[in-house]
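One structure below.
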Amino acid sequence: MNASFPLRQECPPGACVCDRDRLLATPGGDIRILRLTREEEKKLVARLENLASLDDLRRMQELMRAQLGVALTIAPGANEVRTVRGLHIEIASLPGLCSKTRQTLPAAIRRGLERKPEIVYALLDSYDLLGGG
């Protein structure tokens, strides 16, 4: 399959179960996730670590969905939310998405939210967990 953009290099054998080869072998498969090269992943991590607001976070979620096909969910966890660790940040399983990336992106979001706790408050308020009205 020829792509008009650089593709992410495959992980070392046995290090990942991303099904990259199966995705590339599937005719008409959604290979947008393979645009996330290691260099692009570093840029995305830096961007997620420097979120400015809840709107900025939501915009990044939409961009990730539109450009990479990555479904990112951020919601209060089932238990009490005392820190950003209490938030449920999940990236849906996707063929071609490296398992390391599935861990790296939520960690970057948590670091960004730790730097800007007002984003966490706004997120909680959007779920009406702060009793805003």
Side-chain angles (χ1 to χ4, degrees):
M1 173 175 284
N2 285 334
S4 60
F5 49 85
L7 295 178
R8 183 180 184 103
Q9 292 180 347
E10 63 184 299
C11 299
C16 188
V17 290
C18 64
D19 288 335
R20 178 185 188 274
D21 294 333
R22 184 175 58 98
L23 176 64
L24 288 172
T26 304
D30 185 3
I31 62 169
R32 291 180 295 171
I33 188 59
L34 298 180
R35 289 182 184 196
L36 190 62
T37 63
R38 286 186 173 78
E39 288 302 314
E40 291 299 320
E41 183 179 335
K42 288 177 186 178
K43 291 176 187 177
L44 179 58
V45 165
R47 178 69 179 89
L48 291 172
E49 288 177 344
N50 293 299
L51 295 167
S53 66
L54 181 59
D55 289 338
D56 191 24
L57 175 60
R58 298 290 190 216
R59 189 170 28 260
M60 288 302 298
Q61 281 180 278
E62 287 305 314
L63 285 172
M64 288 170 60
R65 180 181 312 272
Q67 295 178 1
L68 301 172
V70 173
L72 172 67
T73 306
I74 304 172
N79 299 321
E80 189 173 330
V81 178
R82 292 185 182 192
T83 67
V84 295
R85 300 278 177 227
L87 294 174
H88 181 71
I89 303 173
E90 181 182 3
I91 295 180
S93 183
L94 179 69
L97 180 60
C98 178
S99 58
K100 184 178 177 187
T101 303
R102 286 192 67 207
Q103 297 170 354
T104 303
L105 297 180
I109 292 169
R110 280 193 170 84
R111 287 189 297 273
L113 295 177
E114 286 172 349
R115 287 189 185 135
K116 293 270 198 163
E118 59 271 16
I119 299 173
V120 178
Y121 301 141
L123 177 69
L124 294 174
D125 195 32
S126 73
Y127 284 90
D128 203 24
L129 295 179
L130 297 178

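Note: hydrogens, waters and symmetry copies are ignored here, and every other heavy atom, side chains too, is used.
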**Report entry** E49 CD to K116 NZ distance, which is reported to the nearest 0.5 Å
**Finding:** 14.0 Å
Query - Where R58 and S126 come nearest, the two heavy atoms and their spacing - result: NH2-OG, 3.8 Å
Query - Interatomic distance, E118 atom CD to L51 atom CG [nearest 0.5 angstrom] - result: 11.0 Å
Query raised in the report: Quick one: CD on E40 to CG on L34, what's the gap to the nearest 0.5 Å?
Result: 13.0 Å
Requested in this report: Mind checking the CG-CD1 spacing from L87 to I109? Nearest 0.5 Å is all I need.
Outcome: 10.0 Å
Query raised in the report: Which heavy atom of G69 sits nearest a heavy atom of R32, and at what distance?
Result: CA-NH2, 3.3 Å
Requested in this report: Measure the CG-CG distance between D125 and L54 for me, rounded to the nearest 0.5 Å.
Outcome: 9.5 Å
**Report entry** Side-chain heavy-atom pair R115, N50 within 4.5 angstrom cut-off
**Finding:** yes
Query raised in the report: Using 4.0 Å as the upper bound for N to carboxylate O, is an ion pair formed by R38 and E41?
Result: no
Query raised in the report: So do L57 and I74 actually touch side chain to side chain, heavy atoms under 4.5 Å?
Result: yes
Query - Minimum heavy-atom distance R22-D19, with the two atoms named - result: NH2-OD2, 3.0 Å
Query raised in the report: If you take all heavy atoms of P106 and I89, which pair is closest and at what distance?
Result: CB-CG2, 3.6 Å
Query - 4.5 Å side-chain heavy-atom contact, R102 and L97 - result: yes
Report task. Heavy atoms only: give me the nearest L124-P76 pair and the separation to one decimal. Result -> CD2-CG, 3.9 Å
Query raised in the report: Which residue, I33, I31, T101, forms the side chain to side chain contact (heavy atoms under 4.5 Å, CB included) with R8?
Result: T101
Requested in this report: Answer yes when R59 and D56 have at least one side-chain N-carboxylate O distance shorter than 4.0 Å, and no when they do not.
Outcome: yes
Query raised in the report: Which atoms form the tightest heavy-atom contact between Q61 and L72, and what is the distance?
Result: NE2-O, 2.8 Å
Query raised in the report: In Å, rounded to the nearest 0.5 Å, how long is the span from CG of L48 to CZ of R111?
Result: 9.5 Å
